[in-house]
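Shown next, in structure tokens, is the structure this report addresses.
Heavy atoms only: backbone and side chains are in, while hydrogens, waters and symmetry mates are out. Since this is a predicted model, take the numbers as computed values, not measurements. Just so it is clear: chains get the letters A, B, ... in the order the sequence lines come, proteins before strands, and each one is counted from 1.
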There are 2 protein chains.
Amino acid sequence: MSKRGKKKEEAAAAADGDKDNGAAPPAKKGKKEKEPEAPILYEDPPDKLTTNDGRAANMKITSWNVDGLRAWVKKKGLDWVREESPDVLCLQETKCSEKALPQDITSMPEFPHKYWAGSEDKEGYSGVAMLCKTKPLNVTFGIGKEEHDKEGRVITAEFPTFYLVTAYVPNAGRGLVRLDYRKTWDVDFRAYLSGLDEKKPLVLCGDLNVAHQEIDLKNPKGNRKNAGFTAEEREGFTQLLSAGFVDSFRELYPEQANAYTFWTYMMNSRSKNVGWRLDYFVLSSKLMSALCDSKIRNSAMGSDHCPITLHFAV
Amino acid sequence: MSKRGKKKEEAAAAADGDKDNGAAPPAKKGKKEKEPEAPILYEDPPDKLTTNDGRAANMKITSWNVDGLRAWVKKKGLDWVREESPDVLCLQETKCSEKALPQDITSMPEFPHKYWAGSEDKEGYSGVAMLCKTKPLNVTFGIGKEEHDKEGRVITAEFPTFYLVTAYVPNAGRGLVRLDYRKTWDVDFRAYLSGLDEKKPLVLCGDLNVAHQEIDLKNPKGNRKNAGFTAEEREGFTQLLSAGFVDSFRELYPEQANAYTFWTYMMNSRSKNVGWRLDYFVLSSKLMSALCDSKIRNSAMGSDHCPITLHFAV
DNA sequence: CGTTGAATG
DNA sequence: CATTGAACG
């Protein structure tokens, strides 16, 4: 393993107090041997299936960064999906060209309408999908800017009363090598969403690759210089909300800590619930009256992200 | 998968009659649907533990191309080795730098004397090893020519009455891209062995990456243009024998067909015994009186090669 | 830690 | 078909 690789791993894996990356630590000031500390878990409350004004939920959307669709299928991700039975399933990081898709998913009768976007240049990189029970009025790919649309990151489906946008936002990378690109993405993506929103309200879901506030990740202190929690990325998300959108989970559960959707595979982060909330349902303000619930399905396994589910009344 | 990759696979996987790489074949001339044909297996006879003049075997050498030592260890290759209990164990294609060796093998008390050679440039490529119960008088690496000695292909151990050379001979490659290099290797390696042989007789073992005669592979006809059975490689081996060396297995079993040491992982070749004899014990002529037996352990699993074992009386 | 394609066999 | 390191996350 290269020194560089090792170093970066530690940096990105959240510089938390549990980290034990040294050999024998200098026993100074009577510091204790690391005591494991019981993990603080999060249990998502039962689904609320009505709006605040009493209308029944009639649309269920699930979003899941699958971190490699083929491996995720082998790990029985589709069994969980069948159980959840959403009206629309949005997937990110499929890492799979359309021709290499497993039959298990291409043949799924529950979702007669399937849309795939893959990276044009790099095989097995990025990629999103949207699977629908009912046919959208229209489906588009990308955000209408050449420079952003070659990595299979966005699918937009138009439904009668709203747009559904699923996105896999570019990771700023180890050492923030792609933070500059991310900033231009954030600007252009926000413009794209605002443009849509002028026509019809929208639901944005997916891996937005940012933990917005300190409450949205276990170790905010140690991650201010790491991809997903830089000031720039957080500010990008703040500006998105300022443009007339709402983080549905945080709106419903403003004080809820320890609610994460991603845990690095390293250092048993998931079992310790050392995670990040990177996956969101972001709604146009005018759609908030239709919101029933925004769920984190953190017991569903098969990826380093867990799925999230939105209930609303169209 | 690239078109190129697919094509080459078919070429290298032995153009045998069982190959079914077409879609619906034109049903011409009443040709039958491929009928499976029962595989012709080979059962190695019991070990003979005496020389022809009645001396008891007192040296046992095992050679195994492990096709990745780390995976082979996980697949319990070492359990088989413990059972076999050779005096010397020679391994080829370890694909492992010395520092990445699994503890299971570095800590083996059965072999207090261990020697490792790895590729200097490409990590995880080539590599051979020799593990000994008794300490050799001397051990050297390579064949004394810069151009050949950077890929970790040869270890030579000097014992009181003979040299033991283990080798992983360069593969000529898909499309024979490295056949030219192989030819120079064959010349230089032969010179190296002849030089040793002038001082003391030798045992050469390992993956020589050539099937010598038609009897030494299942599908000679279809492989004349493939790595391991070109005229050039076969001629190289013939010339080695002409220089005063003997293919011990073939000497003992001149007519034995279907005796192979390698089967491609593709198309269930091993279960059909569609294989190649690529692994040898080659002995200096003057050592032939010491030969007891030359075995093919084709039931040992863990690699695409099986181990071979030599019994002789030093 | 775990996914993916590339190179190699 | 299977192993390996590289890129990426």
Side-chain angles (χ1 to χ4, degrees), chain A residues 1-2 4-6 8-13 65-75 92-97 100 118-119 121-127 151 168-175 177-178 207 209 226-228 262-271 276 278 302-305, chain B residues 1-2 4-6 8-13 65-75 92-97 100 118-119 121-127 151 168-175 177-178 207 209 226-228 262-271 276 278 302-305:
Chain A
M1 183 185 294
S2 74
R4 175 184 150 280
K6 181 59 180 164
K8 298 257 175 105
E9 268 179 30
E10 285 162 5
N65 176 321
V66 294
D67 188 32
L69 181 138
R70 280 164 289 188
W72 169 80
V73 164
K74 283 182 193 147
K75 287 181 284 192
Q92 301 88 37
E93 272 202 276
T94 52
K95 295 181 172 181
C96 189
S97 66
S119 174
D121 301 334
K122 303 180 228 177
E123 265 297 307
Y125 175 72
S126 188
E151 291 186 347
Y168 172 49
V169 168
N171 190 301
R174 301 275 166 96
V177 288
R178 237 187 158 197
D207 177 359
N209 254 323
N226 290 138
F262 163 82
W263 306 262
T264 169
Y265 278 125
M266 295 168 248
M267 357 181 132
N268 291 310
S269 296
R270 191 159 184 173
S271 67
W276 304 53
L278 300 180
S303 167
D304 50 359
H305 292 246
Chain B
M1 183 184 291
S2 74
R4 173 183 150 279
K6 180 61 180 163
K8 296 261 175 99
E9 269 181 29
E10 285 160 5
N65 176 319
V66 295
D67 188 33
L69 180 138
R70 281 163 289 185
W72 170 80
V73 165
K74 283 182 193 148
K75 288 181 285 193
Q92 301 87 38
E93 271 202 278
T94 52
K95 294 181 172 181
C96 189
S97 66
S119 175
D121 300 336
K122 304 179 227 178
E123 264 298 307
Y125 175 72
S126 189
E151 291 186 345
Y168 172 50
V169 168
N171 191 301
R174 302 274 166 95
V177 288
R178 238 187 157 195
D207 176 0
N209 254 323
N226 289 138
F262 163 82
W263 307 262
T264 169
Y265 278 123
M266 296 167 247
M267 1 181 128
N268 290 310
S269 295
R270 191 158 184 175
S271 67
W276 304 53
L278 300 181
S303 167
D304 50 0
H305 293 247

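- When rounded to the nearest whole Å, the span between CZ of R174(A) and C1' of dT3(C) equals 13 Å.
- Regarding K74(B), its NZ atom lies at a distance of 13 Å from the C1' atom of dA2(D), rounded to whole Å.
- Set against dG9(D), dC1(D), dG2(C), the side chain of M266(B) has dC1(D) as its closest nucleotide.
- Ring planes of W276(A) and F262(A): perpendicular class, angle over 60° (limits at 30 and 60°).
- Summarising the geometry, the separation between OH on Y265(A) and P on dG9(D) is reported as 15 Å, rounded to the nearest angstrom.
- Here the C1' atom of nucleotide dT3(C) and the CG atom of D67(A) are 5 Å apart, to the nearest Å.
- dA7(D) atom C1' lies 13 Å from atom CG of N171(A), rounded to whole Å.
- Judged by distance alone, the side chain of K95(B) and the main-chain N or O of G68(B) form no donor-acceptor pair under 3.5 Å.
- Judged by closest nucleotide on DNA chain C, N268(A) is the one of N268(A) and R70(A) placed further toward the 5' end.
- One atom, NZ of K122(B), and another, C1' of dA6(D), lie 15 Å apart when rounded to the nearest Å.
- At a threshold of 4.0 angstrom between heavy atoms, the contacts of K75(B) are confined to the sugar-phosphate backbone, with no base atom among them.
- With values rounded to the nearest 0.5 angstrom, N209(B) atom CG is found 4.5 Å from N171(B) atom CG.
- The interatomic distance linking Q92(B) (CD) with dT3(D) (P) rounds to 18 Å, in whole Å.
- The residue Y168(B) sits close only to the backbone: its heavy atoms come under 4.0 Å of sugar-phosphate atoms, none of a base.
- Residues passing the ring-ring contact (aromatic ring centres under 6.0 Å, His included) test with W263(A), sequence neighbours excluded: none.
- Residue Y125(A) contributes atom OH, which lies 7 Å from atom P of dC8(D) at whole-angstrom precision.
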